There are 2 protein chains.
Amino acid sequence: MHEALTIGQLSARSGVAPSALRYYERLGLIRSERTGGNQRRYARTELRRVAFIRISQQVGVSLEEIREALDSLPSSRTPTPDDWAALSRSWRDRLDEKIRLLGKLRDDLDGCIGCGCLSLQRCTLYNPDDSLAAEGPGARLMLPRPDPDPAPA
Amino acid sequence: MHEALTIGQLSARSGVAPSALRYYERLGLIRSERTGGNQRRYARTELRRVAFIRISQQVGVSLEEIREALDSLPSSRTPTPDDWAALSRSWRDRLDEKIRLLGKLRDDLDGCIGCGCLSLQRCTLYNPDDSLAAEGPGARLMLPRPDPDPAPA
DNA sequence: CTCGGAGTTGAAGCGCACTTCAACTCAAGG
DNA sequence: CCTTGAGTTGAAGTGCGCTTCAACTCCGAG
């Protein structure tokens with residue numbers, strides 16, 4: 001059958017480097033069978049998983065969260081289009097929120113360009129309550145120090 | 001004069017950790033004078049720089065690019081509101097583009113949820129030409145392998 | 001003068017998402 | 001059989017944006 005893909009084939013078809021695919025597999029995002037000679041063979045459904053992974057990354061979701069999402073797929077049967085649609089929908093909100101925050105940032109930036117302020121205290125731009133931050137990787141704790149110890153008692 | 005801020009004061013006012021401020025200074029994003037005892041003293045204008053840095057990060061700009069932008073500020077005179085406005089405007093386009101790409105991703109995601117495809121070949125979602133990727137840090141080469149050697153000659 | 005909190009440095013570590021490397025095996029063609 | 005290209009592994013490296021640490025100094029109040 002034309003079912004099984006080698007890692008090279010999966011890489012070519014998905015545009016994801018073999019090293020990345022092995023990395024995803026170690027993290028449990030995709031799965032493979034092994035041949036007698038210990039080589040990976042991927043079912044075609046893994047292509048869809050890889051696609052979902054890359055799309056999710058564009059939405060700004062970490063691999064760990066993507067793994068959790070993928071874990072919620074039915075393991076017994078092959079996921080249906082509906083299953084995938086449900087997963088995609090779960091990112092919709094995040095995407096919407098992300099777009100909303102960026103839009104707000106843009107409007108605020110326009111406002112601040114108008115007034116030329118860029119002053120930290122009042123400017124809505126510098127309001128940690130909207131945690132748009134903590135989005136890209138890197139050591140965490142982007143803006144979260146809004147609370148420099150409010151005196152215990 | 002009430003001009004000079006210690007690193008602790010700048011940290012408290014900007015919400016940025018002292019370690020991060022020292023890091024920014026090493027990268028040349030902010031500047032300080034030194035006291036006789038080798039301690040940093042920041043002019044109040046540095047507050048504005050720090051604000052600009054954090055805002056720029058939210059737009060998705062790297063520290064290196066922020067440094068370049070800040071380098072374009074007039075070094076002789078204290079930057080005016082107009083100077084800052086010009087810098088902010090330079091991020092506007094990036095922000096717009098980012099929002100546009102995310103919006104496209106959302107629309108495509110809706111489309112793909114509708115058809116349930118998520119198939120790599122045709123799906124507009126997985127089109128490397130729109131390089132929304134390469135945005136967060138991490139080892140590079142996000143989607144760029146669209147060209148698996150088109151036969152030389 | 002003494003004390004403690006704030007500051008200084010360079011070096012190392014961290015988290016994420018990978019890539020690169022060395023050393024090896026596997027699989028198919030000539 | 002031999003070669004070549006594709007695959008295997010674990011360990012280490014990379015880039016970004018920091019934080020943490022150890023060991024030290026500075027500075028102001030008591």
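In what follows, every chain begins at residue 1, and chains take the letters A, B, ... in the order their sequences are listed. None of these values were measured; they are calculated from a predicted model.
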Taking side-chain contact (heavy atoms from CB on, under 4.5 Å) as the definition, give me every residue that meets it alongside [X], ordered by chain and number, with sequence neighbours left out.
{"X": "B/R41", "result": "B/A4, B/T6, B/T35, B/Q39"}
{"X": "A/R49", "result": "A/I30, A/R31, A/E46, A/L70, A/L73, A/W84"}
{"X": "B/N38", "result": "B/R34"}
{"X": "A/S62", "result": "A/E64, A/E65"}

Using OP1 and OP2 only, check whether a side-chain N or O of [X] sits under 4.0 Å from [N].
{"X": "A/Q9", "N": "D/dA6", "answer": "no"}
{"X": "A/Y24", "N": "C/dA17", "answer": "no"}
{"X": "B/T35", "N": "D/dC27", "answer": "yes"}
{"X": "B/Y23", "N": "D/dC16", "answer": "no"}
{"X": "B/R22", "N": "D/dG17", "answer": "no"}

Whole Å only: how far is the [atom1] atom of [X] from the [atom2] atom of [N]?
{"X": "B/L29", "N": "D/dC16", "atom1": "CG", "atom2": "C1'", "result": "13 Å"}
{"X": "B/L5", "N": "C/dA6", "atom1": "CG", "atom2": "C1'", "result": "15 Å"}
{"X": "A/L21", "N": "C/dT19", "atom1": "CG", "atom2": "C1'", "result": "13 Å"}
{"X": "A/E25", "N": "D/dG7", "atom1": "CD", "atom2": "P", "result": "13 Å"}
{"X": "B/Y42", "N": "C/dT8", "atom1": "OH", "atom2": "C1'", "result": "11 Å"}
{"X": "B/L27", "N": "D/dT19", "atom1": "CG", "atom2": "P", "result": "12 Å"}

Heavy atoms only: give me the nearest B/T80-B/D83 pair and the separation to one decimal.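 Closest approach of B/T80 to B/D83, heavy atoms only: N-OD2, 2.7 Å.
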Which of residues 61-72 of chain A sit near DNA chain C, with a heavy atom under 4.0 Å from it?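 Result for residues 61-72 of chain A: A/S62, A/L63, sorted by number.
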Select base, sugar-phosphate, or nothing to describe what A/R41 touches, counting heavy atoms under 4.0 Å on all strands.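 Answer is nothing: A/R41 stays at 4.0 Å or more from every strand.
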Base, sugar-phosphate, or nothing for A/R26, non-hydrogen atoms under 4.0 angstrom?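 No contact.
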Please list all pairs passing the salt bridge (charged side-chain N to carboxylate O under 4.0 Å, His left out) test where one or both residues lie in residues 17-29 of chain B, with sequence neighbours left out.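 Passing the test, one end in residues 17-29 of chain B: B/E25-B/R40.
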Residues that B/D71 engages under salt bridge (charged side-chain N to carboxylate O under 4.0 Å, His left out), provided they are two or more places apart: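 Here the qualifying residues are B/R67.
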Test of understanding: with salt bridge (charged side-chain N to carboxylate O under 4.0 Å, His left out), list the residues that count as partners of B/E68, not counting sequence neighbours.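 Salt bridge (charged side-chain N to carboxylate O under 4.0 Å, His left out) check on B/E68 returns nothing, list empty.
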From the set [options], return the single nucleotide nearest to any side-chain atom of [X].
{"X": "A/S19", "options": "C/dC18, D/dG17, C/dT19", "answer": "C/dT19"}
{"X": "A/R40", "options": "C/dT19, D/dC18, D/dT8", "answer": "D/dT8"}
{"X": "A/R34", "options": "D/dG7, C/dG7, D/dT8", "answer": "D/dT8"}
{"X": "A/A17", "options": "D/dT19, C/dT19, D/dG7", "answer": "C/dT19"}

Whichever of A/G36 and A/I53 has its nearest DNA chain C nucleotide further upstream toward 5':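 Final value for this comparison: A/I53.
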Please check if the side chain of A/D96 supplies one atom and the backbone of A/D93 the other of a donor-acceptor pair under 3.5 Å.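 Not confirmed, A/D96 side chain does not pair with A/D93 backbone.
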Nearest-nucleotide 5' precedence on DNA chain D, B/A20 against B/N38: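 With B/A20 and B/N38 compared, the 5'-side residue is B/A20.
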Polar atom pairs between nucleotides 23-25 of chain D and protein, under 3.5 Å, N or O only, would you list them?
none

Might you confirm whether atom CD of B/E33 has over 12 heavy atoms from other residues, nucleotides or ligands at distances under 6.0 Å?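 Atom CD in B/E33 is not crowded, with 12 or fewer foreign heavy atoms closer than 6.0 Å.
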